Protein chains: 2
Amino acid sequence: MSVASGNDRSPAASPGGATSSASEREEATAHDVLGAIELELAQLLRRAERTRASGAPGTSRRDGTLDRSGYLLLHTLGTHGPLHVTALAERLGLDGSTVTRQVAALEHAGHVRRARDPRDGRAVVVEPTTAGLDELAAHRAARTAVYADVLGGWSRLDRALLAELLTRLNDDLDAYRHRRDAP
Amino acid sequence: MSVASGNDRSPAASPGGATSSASEREEATAHDVLGAIELELAQLLRRAERTRASGAPGTSRRDGTLDRSGYLLLHTLGTHGPLHVTALAERLGLDGSTVTRQVAALEHAGHVRRARDPRDGRAVVVEPTTAGLDELAAHRAARTAVYADVLGGWSRLDRALLAELLTRLNDDLDAYRHRRDAP
DNA sequence: TCAGATACCTGTATCTGACAGATAACTACC
DNA sequence: GGTAGTTATCTGTCAGATACAGGTATCTGA
């Protein structure tokens with residue numbers, strides 16, 4: 001499990017020229033690490049798409065269980081309490097129409113309740129039902145169990161590191177997105 | 001706020017083993033960490049899906065550039081050399097039909113070349129073209145640049161840690177998938 | 001009151017992938 | 001050789017997640 005053993009002889013992209021100074025060599029290394037992160041993330045994401053399509057880890061749906069979108073939406077509601085569709089979209093980083101559909105699906109499954117906001121006739125307050133929260137907990141436990149299996153060989157420290165680094169990565173990706181959207 | 005303060009993240013025993021009767025507390029903590037990992041990954045993956053749909057980081061297509069699927073396929077070819085469709089599907093963890101279509105798209109764009117295997121008339125050998133490899137390198141540079149921006153505030157050590165942990169995570173997810181498929 | 005902003009919903013399109021079935025080619029065995 | 005079974009690929013069809021555009025209802029301020 002050597003550190004990022006980049007067994008990756010991509011035909012190009014090698015910073016040309018024999019490196020002379022240490023700083024140049026360091027930059028090349030930094031670049032490689034970024035490339036490795038980029039590649040690993042791409043692979044991770046594609047794998048996840050495949051996983052979602054088939055029924056592997058925590059997926060099922062159509063029988064009342066949650067897919068990832070529903071899971072994250074419900075999780076947001078469970079964490080922040082009842083929210084408007086717009087607020088959900090904002091927190092989830094999604095288009096409002098997408099959230100509308102996800103909420104509709106969750107409502108159909110009995111996981112959330114929708115109600116007009118009495119103080120704003122345009123707005124809809126989305127609130128988790130008890131059944132929804134139960135399903136959320138069960139789903140979360142199932143997903144966590146999968147990761148307990150996947151990460152069975154990891155030390156506690158490495159798991160903690162992964163959790164923290166992923167959190168930071170998410171935060172920084174979020175910041176990046178905002179940086180790009182705003183200006 | 002570097003995570004890797006003590007640079008020994010080796011699978012050594014948990015530091016501060018002073019906790020004696022706290023096995024219950026430790027289990028709860030371990031569970032929380034798994035839950036955090038699970039949640040962060042779910043968020044990461046969903047974010048990526050959104051990113052793909054809009055045009056943010058490394059997406060463009062239709063003008064000869066690569067989407068993520070094409071990128072990974074081309075990368076596999078660049079790393080392993082010419083491969084059959086089946087071998088590609090196996091390495092990418094995808095259904096053969098999916099690879100067929102991705103290869104067709106890449107061929108249309110001039111990024112790969114297809115040829116019947118002379119030793120097996122059923123098989124098709126997929127090979128990257130020079131243009132494809134160039135595009136791969138350019139694409140990879142662009143994506144790497146995005147991550148250089150996203151991870152701009154990270155220490156070199158944390159980046160290296162992330163790269164390693166992601167690599168291990170991918171490997172273990174792969175192993176998990178095989179464990180589930182085979183038996 | 002009326003214009004504009006806001007919140008949500010619906011219609012439509014795209015991207016990615018899977019599964020099932022069709023076709024062509026190879027392999028074994030009699 | 002002929003026939004059956006296997007394998008490699010392709011094609012048809014479907015589903016999920018999401019975006020964008022446009023529509024309707026509602027609110028807000030002058």
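Below, read A as the first sequence line, B as the second, and so on, with proteins coming before strands; counting in each chain starts at 1. Since the model is a prediction, treat every value here as computed from it, not as a measurement. Below, each value reflects all heavy atoms present in this structure, side chains not excepted, and no hydrogens, waters or symmetry copies.
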TODO: Could you check A:Arg116 against B:Val103 and say which one's nearest nucleotide on DNA chain D is further toward the 5' end?
DONE: B:Val103

TODO: Taking only the side-chain nitrogens and oxygens of B:Thr98, find out if one of them lies under 4.0 Å from OP1 or OP2 of C:dG17.
DONE: no

TODO: Classify the nucleic acid contact of B:Gly121 as base, sugar-phosphate or nothing, counting any heavy atom under 4.0 Å across all strands shown.
DONE: sugar-phosphate

Open item on the list: Taking 4.0 Å as the cut-off, does a side-chain nitrogen or oxygen of B:Gln102 come that near to OP1 or OP2 on C:dG17?
Closed with: yes

TODO: Hey, which sits more toward the 5' end of DNA chain D by its nearest nucleotide, A:Ser97 or A:Asp120?
DONE: A:Ser97

TODO: Without swapping roles, check the side chain of A:Thr144 against the backbone of B:Leu34 for a donor-acceptor pair under 3.5 Å.
DONE: no

TODO: Would you mind reading off the distance between A:Glu90 atom CD and C:dC8 atom P, rounded to a whole angstrom?
DONE: 13 Å

Task: Phosphate OP1/OP2 of C:dA7: any A:Thr100 side-chain N/O under 4.0 Å - done: no

Open item on the list: The side chain of B:Arg46 is closest to which nucleotide in this list: D:dT9, D:dT18, C:dC8?
Closed with: D:dT18

Open item on the list: Return the CG to CG distance between A:Leu74 and A:Leu133, rounded to the nearest 0.5 Å.
Closed with: 6.0 Å

Open item on the list: Measuring from the side chain of B:Thr86 (C-beta onward, heavy atoms only), which nucleotide among D:dT9, C:dA18, C:dA7 has the closest atom?
Closed with: D:dT9

Task: Any donor-acceptor N/O pair, B:Arg91 side chain to B:Leu77 backbone, under 3.5 Å - done: no

- [ ] To the nearest Å, give me how far apart OH (B:Tyr71) and P (C:dT16) are.
- [x] 15 Å

- [ ] Take A:Glu38 and B:Tyr71 through the side-chain hydrogen bond (donor to acceptor under 3.5 Å, both in side chains) test and state the conclusion after the steps.
- [x] CA-CA 12 Å; A:Glu38 181 275 309; B:Tyr71 166 59; 2.6 Å; yes

TODO: Using a cut-off of strictly less than 4.0 Å, decide whether A:Ser69 has a side-chain nitrogen or oxygen near OP1 or OP2 of D:dA17.
DONE: yes

Open item on the list: Please tell me if B:Arg114 has a side-chain N or O lying less than 4.0 Å from either OP1 or OP2 of D:dA8.
Closed with: no

Task: Salt bridge B:Arg47-A:Asp174, side-chain N to carboxylate O under 4.0 Å - done: yes

- [ ] If D:dG29 has a Watson-Crick or G-U wobble mate with both distances under 3.5 Å, name it; if not, just say none.
- [x] C:dC2

TODO: Could you work out which one of D:dA8, C:dT10, C:dC8 sits closest to the side chain of B:Arg122?
DONE: D:dA8

Task: Separation of atom CG in A:Leu106 from atom P in D:dG16, rounded to whole Å - done: 14 Å

Open item on the list: In whole Å, I'd like the distance from the CG atom of B:Leu45 to the C1' atom of C:dT16.
Closed with: 15 Å

TODO: Could you check which nucleotide pairs with D:dA4 in any of the strands shown, counting Watson-Crick or G-U wobble with both distances under 3.5 Å?
DONE: C:dT27

Task: Atom-to-atom span, CZ of B:Arg119 to C1' of C:dC26 - whole angstrom - done: 15 Å

Task: Interatomic distance, A:Asp95 CG vs C:dA13 C1' [rounded to whole Å] - done: 13 Å

- [ ] Return the 5'-most residue of the pair A:Arg101, A:Val125 with respect to DNA chain C, ranking by each residue's nearest nucleotide.
- [x] A:Val125

Task: B:Arg47 CZ - D:dA17 C1' separation (whole Å) - done: 16 Å

Open item on the list: From CG of A:Leu92 over to P of D:dT18, roughly how many Å is that when rounded to an integer?
Closed with: 9 Å

Task: Straight-line distance of B:Leu44 CG to B:Leu39 CG, nearest 0.5 Å - done: 11.0 Å

